[in-house]
Structure formats: C-alpha cells, structure tokens
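Worksheet: the structure to be examined is printed underneath.
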There are 2 protein chains.
Amino acid sequence: MYLSKMTEPQVDVEKRAPSRRERVREATLAEIKGIARNHLVAHGRAGVSLRAVAREMGMTAPGLYRYVSGIDALLVLVTADLFDELADAVAAADASVAPEDTDLRILTSLRAFRGWALRHPVEFAAMFGPHGHPTPGTDLTPALEAARRFGATFFVLFDRLLAEGRFALPDSGLITPELSRELQAFADTCGFSAPHIPVEAVMVLSTCWVRLYGVVCMEVFGHLDFVMRDMEPLFESELQNLLTDLGVRYQPPENTASDTIDTSE
Amino acid sequence: MYLSKMTEPQVDVEKRAPSRRERVREATLAEIKGIARNHLVAHGRAGVSLRAVAREMGMTAPGLYRYVSGIDALLVLVTADLFDELADAVAAADASVAPEDTDLRILTSLRAFRGWALRHPVEFAAMFGPHGHPTPGTDLTPALEAARRFGATFFVLFDRLLAEGRFALPDSGLITPELSRELQAFADTCGFSAPHIPVEAVMVLSTCWVRLYGVVCMEVFGHLDFVMRDMEPLFESELQNLLTDLGVRYQPPENTASDTIDTSE
DNA sequence: GCTGTTTGCTAACGGTGTTCACTAAAGCGT
DNA sequence: ACGCTTTAGTGAACACCGTTAGCAAACAGC
C-alpha cells in the first residue's frame, strides 16, 4: 500500500459525551442541510433560500443564523455532504464486485461516478460546476475536505493499478520541470504522495481524471442535449479509451438501460 | 470543402430601412446587454439584476421589460453575444497565422479558446457551465444558435484536417449502431454532415471536443486551484496528446507567460 | 433557585423580479 | 397639420430575498 493514511476520522479531539444539547443541535443542523438539499434539487441552486428552509421547518430565517453563518455557508455545507454521499455511492459500487478483480472495480467505480452524476445533475453542478463569485468571506474548507475524501476513493484504486504495474509510465521527457513541480504539489496536497509514486504516475492520474471529468460534465450539464440525446455510447467509448491507456480490461455494460449499482436512496 | 453552407447571415427576411425606431431600439438593447455583461463579470451571474442595469442607464426596471422578457431571457441574450465574441476571438487567432499551415492554425485556435476562457472565466461559466433550472418558459434559442455558430469555427478546421487525411479513422467496429445514430444526429444538427464525412470522423471530433472541454473547464472552474496553481503544463500536455491523435504537429508555446493572440478588447 | 448561555422570535432595512395602470412621446396615415 | 395608433417609460404595488439588532423564553450548571 503506497498511500499515506487518509481514512482515519478519529484523529480529532476526543468527542466524549455529545451532551444532549450538542446532539439536538447536530440534528437540527442536519435537518437544515437536508431541507436545503431538497430545495436545491427541486428549484436549482438559486432556489435555495434561508427563509424557505426556515418556513418548511417551522422556524424563521434569522433563527437559522444560530446554525449557519449565511446562505453561502449553508450551500458549502450541503456541497460537503454531497461529496461524502457521492464517495459513498462510488465506494458501495466498488464493494459490490470481487475485491481482487481490479479491472472490474475500476470500471464499476467510474460508471458509478457517471451514474450518480446523471441521477443527481443539480447536485453535481453544485459540486463540480463553476464556483460563481463566492462572497469573499465564505469558508470553503468543509467542501474542500469532503472533496479530498472523495478523491481518495479513486486514489486507492489507482494506487492498486500502479502497484500491479498495469500501464507504462509516459516518457519522462514529456514532463517539463515545471509540470513536474505542479504534479508533485498535487500529489502532496492530496496525500497521494509516497516514496514509490513517480510524478509520471500522477501525470497519468491527472490526465485520466480530467478526461473523465470532461465527458461527465459535458453530459450532465447538457451541452450536447440539442445535438445528441443519449451520451452513454460516447461515454463508454471514452471510458474504453481511458482504460486501455491504463492497461485495464474493458467490458461493455450489462444492463442496456440505467446501470451502476447504488444502494443509497 | 465538405461543409454545408453555414456562414450566410442574409438568408433572413429582407432587412431594408432599419427605420430609425428600430435602430434606436437596437441600440438601447445593445446597451442593456453591455451593462448586464459588465455586471456579470464584476459581480458574477447572481449579481446581474434588472434594477441595477436600469439604474445604471437612467431607467427604471419595468422599462426594461419593453426590451427583454425577464432576467433569464436577458442572461440568455448576453450568453449569445459571448458565444459570438468567443468565436470572433478564435477566428482572429486563426487568421493570424498562415492559412495553409493547418497544423499551426489548429494549435493556435485551441490555445485561443483556452486563453479566452481564462481571461473571461465568469463569461465562460455562463456559456459552458451548468444551465441551472432555466425557468421553463425561457427561450434558449439565441444562445443555442450562437453556440452553433461558434462550433462552426472549429468544424471548418476539422474539416480541413479530414480532407488532408491527417489521422486514421478509428476502427468502425468500435462504433455501435446506436452510437452511429447519435453521431449522425450530431452531425446533422450542426450542419457538419456531408456525403464524404464518415461517422468515424464525427466520433473523433466529438472525443476531441470533450477532451478539450474537460481540461479547460477543470482549469477555468478552478477545481484544482487548491492543488495545482498553474495548469498550463497540463493543458499543453493534453493538447499534445490530442493533436498527436489527430496527426497534427505539436509545438510548444512561444511566450512563456500569457499567450494566444486576441485582438478584441 | 439563581445565573449565564443558547435558542429563536419580531421588527426592520435594503435589495430583488414582476405586474399593472398610466402618461407622454414618437410615428404614421390622411 | 391634424388625429389616431403604437411605443417607451414611470410609479406604485406585491411578494419574495439576505441580513442585522434587540429581546424573550428555554435550558445548563452550580
């Protein structure tokens, strides 16, 4: 295992005795985020309003300020939850196949990513779309940390792939010194750096991620809606290219219609 | 030239005598869109308000309803203008190199696309980002048509590439019948269909566009900001891969700093 | 039971999109 | 040049929104 430890939540301060008060507080905060999320999917990002959320839970808007520092902060918290949810969905799909079949695990995970995105387009947009002008004061760390946790989901698979020596590393001559520096920074920030992970591998990972991101974004944002009704063939084609470059065995999806296991909701 | 005619604006009804009244009307509409665009770049998409626009031009908000059917429609119009502007920028860059040097033209155009996107991130988000819940009644056709015009900018280059037989068409066995149908629909809608353009070529075009879209979106939306400061090396690397697949000669950018010619603004 | 903290409320300010009724002006036909 | 029609633009109003300030009730710990 090359990865530096990333999946340890209990490094925090001791959390003994949630102290009834904290418990109910946590509960209402969860309710707030839940309702906000419903409004998000129902009326879009702009349709989330503190007043509406408060109304729906029998409160008034100013009361919410005891839990959230503003509408922007609320959306950040919701986004963070979404990242966790997406990570869970991918992990669940990953866990649904034989653990030693790396090829199938990769394939399944990537399809699960797309599947979740298609089933939750508005949420996906909030997570991976442009971050409008984020009101300078807003604290983005919750979403960023959740995004990193999500990234880790793929990192461990990629790490496995790397350990199995599936793909040839690209010619290091193609990697300029500055690119190498950027890649190193990327790996460090994500906890994906380890003595035995060369920058060439990080390069491959970045490229693959960007390609996956591109095809899913294109599909979910609907920028080819007016031109192509079903983008699954194109996705599968791109997926095949991707996996081939990674030395992973591709196989067409089984279910012709909607695919990708998802236990949640 | 394989392309069906796409660049003829005068197919419309005869537009003799703009009739003073129509002229001033067009002028104020242009002013409205201009101010809205300024507010867009200054305060983000959510920062565009009819009242603010009206105020800035010495009017009241309801007056704008003589020109625009609502805030959403206004944003659609602005987006349409942006597509035209982007198309012009790319075309200008394309025209700045020797017309017969197809390789350099492609390279220059693609870099111009990224360059414009980086210089106009908010606008790019409005054009290529998620279309939030677009208020069912809104008419998107202006933006869609402008987007098609923009697409044509790249189509003619790709067409040239195809005519020169630069790249090997992918194995037609990889293209399932349904994918073929989708690709055909894509080509038809875009006016990119012609007797001598095989679906395999459309496939290549789509794939390339998705990859370009992915890397530029990733960069402009800033999803790797916290992890990678300068994404130019990654872009150039992906560009190199892309062009290699297309049989186009790659060469590193000349100016180390900001690049891509842009005569506008 | 008293005290300090937490929670939620009301009131208020300034901002928004949008509709409606209305005036004033510009254009046009004769 | 007159009158009529179309258009441009206004003001008031309604229903929302985010956010702040001040205040009352509920709660926790001593």
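Here is the naming used below: chain letters follow the sequence lines, and residue numbers restart at 1 for every chain.
Listed pair B:T60 / D:dG11 fails the phosphate criterion, with no side-chain N or O lying under 4.0 Å from OP1 or OP2. Neither OP1 nor OP2 of D:dG9 sits under 4.0 Å from any side-chain N or O of B:R25. Taking 4.0 angstrom as the limit, A:Y65 places none of its side-chain polar atoms (N or O) nearer than this to OP1 or OP2 of D:dG18.
No more than 12 heavy atoms of other residues, nucleotides or ligands shown are found within 6.0 angstrom of NE2 on B:H43.
In this structure, B:L75 atom CG and C:dT16 atom P are separated by 14 Å, rounded to whole Å. Distance, A:E22 CD to D:dC27 P: 17 Å, rounded to whole Å. With rounding to whole Å, A:D72 atom CG is found 10 Å from D:dG18 atom C1'. In this structure, NE2 of A:H43 is placed 19 Å from P of C:dG17, rounded to the nearest angstrom. Rounded to whole angstrom, the span from the CE atom of A:M59 across to the P atom of C:dT7 amounts to 10 Å. Regarding B:L64, its CG atom lies at a distance of 13 Å from the C1' atom of C:dT16, rounded to whole Å. The separation between A:R23 atom CZ and D:dA28 atom P is 10 Å, rounded to whole Å. Going from atom CD of A:E26 over to atom C1' of C:dT7 covers 16 Å, rounded to whole Å.
At a cut-off of 3.5 angstrom, the base of C:dG17 holds at least one donor-acceptor pair with the side chain of B:R51. A donor N or O paired with an acceptor N or O is not found under 3.5 Å between the base of C:dG27 and the side-chain atoms of B:R20.
For A:R55, whose side chain is taken as the heavy atoms from C-beta onward, the closest listed nucleotide among D:dC17, C:dC9, C:dG17 is D:dC17. Minimum atom distance to the side chain of A:P62 is reached by C:dA11, of the listed C:dC20, C:dA11, D:dG18.
Checked for salt-bridge contact, A:R37 and A:E85 meet the test: a charged N lies under 4.0 Å from a carboxylate O.
At the heavy-atom level, B:G47 lies nowhere under 4.0 Å from the strands shown.
Ring pair B:F128/A:H223 is tilted by interplanar angle, where 30° to 60° counts as tilted. Between A:F150 and A:F83, the angle of the ring planes lies from 30° to 60°, which puts this pair in the tilted group.
Residue-to-nucleotide proximity on DNA chain C shows that, of B:I71 and B:R66, the 5′-proximal contact is made by B:I71. Residue-to-nucleotide proximity on DNA chain C shows that, of B:T135 and B:R21, the 5′-proximal contact is made by B:T135.
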I'd like to know whether B:L234 forms a side-chain contact (heavy atoms from CB on, under 4.5 Å) with A:E182, so could you lay out the CA-CA distance, the side-chain angles of the two residues, the decisive distance to 0.1 Å, and finally the verdict. CA-CA 9 Å; B:L234 191 60; A:E182 296 293 336; over 6 Å; no
